[in-house]
Student: 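First, the structure itself, so that you have it in front of you.
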Amino acid sequence: MYFSFETIPAFVWAFVTTYVIYWIKNLRISRNEPPMVPYKFPIIGHTLDYLFNADKFLAECRQKYGDPFNLYVFGQVTTIAGNEIAHEIFRTDTFSMTSATRDTFPLYLIIKSLDDPETIERMIKTIREGITTKLSLYTGRMQKQLMIAINKEIGDCSDPKLVITAKENFSRMVSRPVTDVLVGQEMSKNEDVIKAFADFTKDFTAIVGLPPILSFIHPKVHSHVITLPLRFGWNPIAKHIITVKKNLKPVLEKRLKDKKILGDKYEPPLDIIEYLMNKPEYETKVITDDYLNEICELIFIIVVASIHTTSRHLTSALYDFAGRPELWDDIYEEQVRIDKECNGELTSQHINKMVKLDSFLRESLRTFDAVTAVPHRCLETFTLKNGMTIPKGRIVQTSLMDIHYNTTAYGPEPRSFLPYHGLENNFSASRTDKNYFIFGSGRHACPGRFFAVNEIKICMHKIILNYHIKTPSGKIEKKVQVGPFVSPPVAGLIFENRKK
Ligand code: HEM
């Protein structure tokens with residue numbers, strides 16, 4: 001094709017015209033839709049308010065326009081659902097979280113089986129049958145792994161020690177029991193595997209976690225550009241999968257061999273790889289590369305869902321504890337009493353007795369401060385009970401602030417930390433309800449929440465028993481707010497051995 005500099009203006013005009021047509025078309029709001037909040041600047045819409053003033057801005061919109069309302073953010077109309085509407089969105093399969101996160105978190109490019117809806121169903125079943133129903137059998141092992149992790153990552157603090165939590169040490173802490181449960185006790189001794197699981201999500205997010213600036217053109221442009229390096233073979237996180245595959249292969253082969261030799265006398269280890277090997281769809285006589293890939297992909301999807309989430313909330317709960325000296329004695333006393341009762345060997349019953357710690361954790365999860373979370377895409381035009389219509393393709397963001405800080409459920413000061421609200425109202429940390437969406441809601445509510453809450457409780461129980469914990473400022477440390485997203489504080493925590 002002939003190309004000259006004279007053709008450039010033509011290209012620019014074509015681009016601008018296409019874009020303006022797309023923009024006008026995209027902004028067409030049908031009659032029964034939630035109200036569109038007015039904005040000053042075309043194309044930019046509400047993006048700046050959403051990025052730099054999300055909490056206050058959304059609260060003002062909610063007050064003026066009710067629940068739900070529409071914003072124009074990063075070139076897309078987005079519906080914001082709060083405490084009156086969100087449970088309707090979460091209750092129906094017409095809205096999908098998997099579809100909504102496809103463009104912003106394209107994990108399917110690394111883990112190909114994610115493209116098959118059956119994989120998600122299989123994973124959820126695996127978590128429910130292989131972890132949640134067996135949770136009591138894992139307690140001893142989780143405790144052992146967490147003690148190893150605490151000694152390694154925090155260690156002896158005869159003198160006060162500042163531990164920088166923004167490093168990976170807390171995800172390694174969480175990664176140990178997860179490794180034990182997923183790939184077995186033998187592999188949980190392997191530091192490379194623990195590191196591979198701990199670092200996988202962080203490394204993936206580092207590649208794809210750019211602000212969706214190109215979504216102003218189209219969300220697909222953003223997702224295609226951020227994944228370019230992956231598509232062209234630069235895949236720095238493949239090394240984690242290779243590490244796990246290399247170490248997993250001999251373990252699976254030994255299990256197959258033992259089963260063959262021992263027959264009925266074979267004692268199946270309790271872990272997810274054994275659970276999978278006994279499922280008809282994973283039955284095999286030989287560990288081929290395809291087989292290894294299939295098992296590894298499922299394991300890594302569980303890793304992505306579990307480690308980063310749990311370690312963020314463990315870290316945040318430790319900061320919440322460290323910044324509130326008025327709670328230290330009360331919660332410590334509960335841990336001492338339970339420790340004496342179980343002689344240092346926790347069982348599920350003992351974890352259930354940590355009611356103050358559980359209530360404290362629920363409050364830490366409630367006040368985590370993410371403004372919006374858990375986006376869902378509308379798969380078919382949907383009419384809400386109030387008669388409003390959400391069109392096909394629309395992304396609906398959940399206004400966690402509106403749900404978690406509503407005065408009807410949490411009283412006149414819903415933003416204050418109410419450590420025993422859960423205990424007084426019989427709401428455990430893992431129980432979802434319409435005023436507590438940290439684990440989602442409805443049929444797709446997080447299936448790993450019982451495991452996550454147990455892991456955080458065991459870890460906090462052991463840390464509180466062994467250390468005094470303070471913040472460097474002696475006050476409550478601020479979380480890191482980036483637009484509507486939030487991360488735990490980064491000031492570090494000061495640990496000091498308790499005198500026994
Ligand atoms: C504190 C830690 C965790 C938090 C805050 C968390 C939060 C969430 C949320 C908000 C959802 C979306 C729920 C919905 O759409 O209604 C979810 C889904 C999910 N979570 Fe978790 N999660 C955590 C830990 C875990 C763990 C440890 C596992 C695995 C062992 C896990 C596995 C999953 C899976 C498989 C889904 C998808 C469920 C579905 O689509 O049906 N999560 N999680």
Side-chain angles (χ1 to χ4, degrees), residues 81 86-102 105 107 111 114 117-135 138 142 170-171 174-183 197-198 201 271-272 275 298-318 358 361-362 364-370 372-377 396-398 400 403-404 428-434 436-460 485-488:
H87 60 99
E88 267 191 70
I89 306 284
F90 281 67
R91 204 183 287 151
T92 158
D93 277 343
T94 307
F95 292 88
S96 156
M97 182 180 81
T98 320
S99 166
T101 48
R102 217 179 134 81
F105 198 76
L107 189 63
I111 298 179
L114 257 180
E118 239 189 54
T119 306
I120 303 283
E121 290 304 320
R122 206 175 276 177
M123 171 184 60
I124 293 165
K125 194 162 173 244
T126 303
I127 293 170
R128 291 207 174 115
E129 291 181 1
I131 302 180
T132 309
T133 59
K134 309 252 168 66
L135 213 46
Y138 284 121
M142 285 168 72
F170 280 62
S171 34
V174 168
S175 176
R176 269 175 204 275
V178 173
T179 306
D180 185 312
V181 170
L182 293 183
V183 289
F197 284 161
T201 312
D271 51 48
I272 292 302
Y275 166 88
L298 201 80
I299 295 288
F300 267 100
I301 306 173
I302 301 180
V303 162
V304 170
S306 61
I307 294 182
H308 192 60
T309 44
T310 310
S311 80
R312 269 155 62 87
H313 288 291
L314 165 65
T315 310
S316 192
L318 287 172
D358 187 90
L361 174 60
R362 181 177 165 106
S364 173
L365 293 162
R366 174 182 80 92
T367 57
F368 187 59
D369 276 353
T372 55
V374 209
H376 281 71
R377 189 190 300 280
V396 180
Q397 281 284 3
T398 318
L400 277 193
I403 296 168
H404 286 177
S428 69
S430 52
R431 182 178 146 178
T432 60
D433 75 73
K434 74 190 236 329
Y436 178 71
F437 262 52
I438 200 73
F439 294 112
S441 176
R443 198 169 87 76
H444 290 280
C446 175
R449 63 191 187 278
F450 307 99
F451 179 62
V453 165
N454 264 22
E455 191 176 0
I456 297 177
K457 279 169 73 181
I458 299 173
C459 194
M460 284 191 77
F485 308 112
V486 75
S487 300

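Order of appearance sets the numbers: ligands from 1, and atoms from 1 within every ligand. What you see below is based on every heavy atom in this structure, not just the backbone, and it leaves out hydrogens, waters and symmetry mates.
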Student: Any side-chain heavy-atom pair from Val374 and Gln397 closer than 4.5 angstrom?
Tutor: no
Student: Which is it for Tyr138 and Phe451 under the ring pair (Phe, Tyr, Trp, His ring centres under 6.0 Å) test, yes or no, and what are the steps along the way?
Tutor: CA-CA 10 Å; Tyr138 284 121; Phe451 179 62; 7.3 Å; no
Student: Would a 4.5 Å heavy-atom cut-off, applied to side chains only, mark Phe439 and Val453 as touching?
Tutor: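 Phe439 vs Val453: side chains touch.
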Student: Which residues pass the salt bridge (charged side-chain N to carboxylate O under 4.0 Å, His left out) test with Arg449, sequence neighbours left out?
Tutor: none
Student: I'd like to check His404 versus Phe437 (side-chain heavy atoms, cut-off strictly below 4.5 Å). Are they in contact?
Tutor: yes
Student: Record the part of Ile124 in heavy-atom contact with ligand 1 below 4.0 Å; permitted values are side chain, backbone, both and neither.
Tutor: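 Just the side chain.
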Student: More than 12 foreign heavy atoms under 6.0 Å from CD of Glu118: is that the case here?
Tutor: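 It does not: Glu118 CD has 12 such atoms or fewer within range.
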Student: Numbering the atoms of ligand 1 from 1, which are under 4.0 Å from a heavy atom of Ile127?
Tutor: 29 (C), 32 (C), 35 (C)
Student: For ligand 1, which part of His376 has a heavy atom less than 4.0 Å away: the side chain, the backbone, both, or neither?
Tutor: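 Side chain only; the backbone of His376 stays clear of ligand 1.
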Student: Could I get the full list of ring-ring contact (aromatic ring centres under 6.0 Å, His included) partners for Phe95, not counting sequence neighbours?
Tutor: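 Partners of Phe95 by the ring-ring contact (aromatic ring centres under 6.0 Å, His included) criterion, ordered by chain and then number, come out as Phe382.
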Student: When you look for heavy atoms under 4.0 Å from ligand 1, do you find them on the side chain of Ser441, its backbone, both, or neither?
Tutor: backbone
Student: Heavy-atom contacts with His313 under 4.0 Å: which atoms of ligand 1 show up? List them by number with element.
Tutor: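 Numbered from 1, ligand 1 contributes 1 (C), 5 (C).
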Student: Could you tell me the residue and atom name of the protein heavy atom closest to atom 10 (C) of ligand 1, and the distance to it rounded to 0.1 Å?
Tutor: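 In this structure, atom 10 (C) of ligand 1 has Ile438 O, 3.3 Å as its nearest protein heavy atom.
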Student: Excluding sequence neighbours, so at least two apart, what forms side-chain hydrogen bond (donor to acceptor under 3.5 Å, both in side chains) with Asp180?
Tutor: Arg141, Gln145
Student: Which atoms of ligand 1 have any heavy atom of Val374 under 4.0 Å away?
Tutor: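 Here the atoms of ligand 1 in question are 10 (C), 12 (C), 15 (O).
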Student: Nearest to atom 35 (C) of ligand 1, what protein heavy atom do you find, and at what distance?
Tutor: Met123 CE, 3.3 Å
Student: Specify side chain, backbone, both or neither for His444, according to which of its non-hydrogen atoms lie closer than 4.0 Å to ligand 1.
Tutor: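 Contact part for His444 vs ligand 1: both backbone and side chain.
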Student: Would you confirm whether the ring centroid of His313 sits within less than 6.0 angstrom of the ring centroid of Phe368?
Tutor: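 They qualify: ring centres under 6.0 Å apart.
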Student: Counting non-hydrogen protein atoms only, what is the nearest one to atom 12 (C) of ligand 1? Give residue, atom name and distance.
Tutor: Met97 SD, 3.5 Å
Student: Yes or no on salt bridge (charged side-chain N to carboxylate O under 4.0 Å, His left out) for Arg362 and Asp433, after CA distance, side-chain angles and deciding distance?
Tutor: CA-CA 12 Å; Arg362 181 177 165 106; Asp433 75 73; 3.0 Å; yes
Student: What count do you get for protein N/O/S atoms less than 2.8 Å from atom 21 (Fe) of ligand 1?
Tutor: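 Near atom 21 (Fe) of ligand 1, the number of protein N, O or S atoms below 2.8 Å is 1.
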Student: Heavy-atom distance under 4.5 Å between the side chains of Asp271 and Val181, does that happen here?
Tutor: no
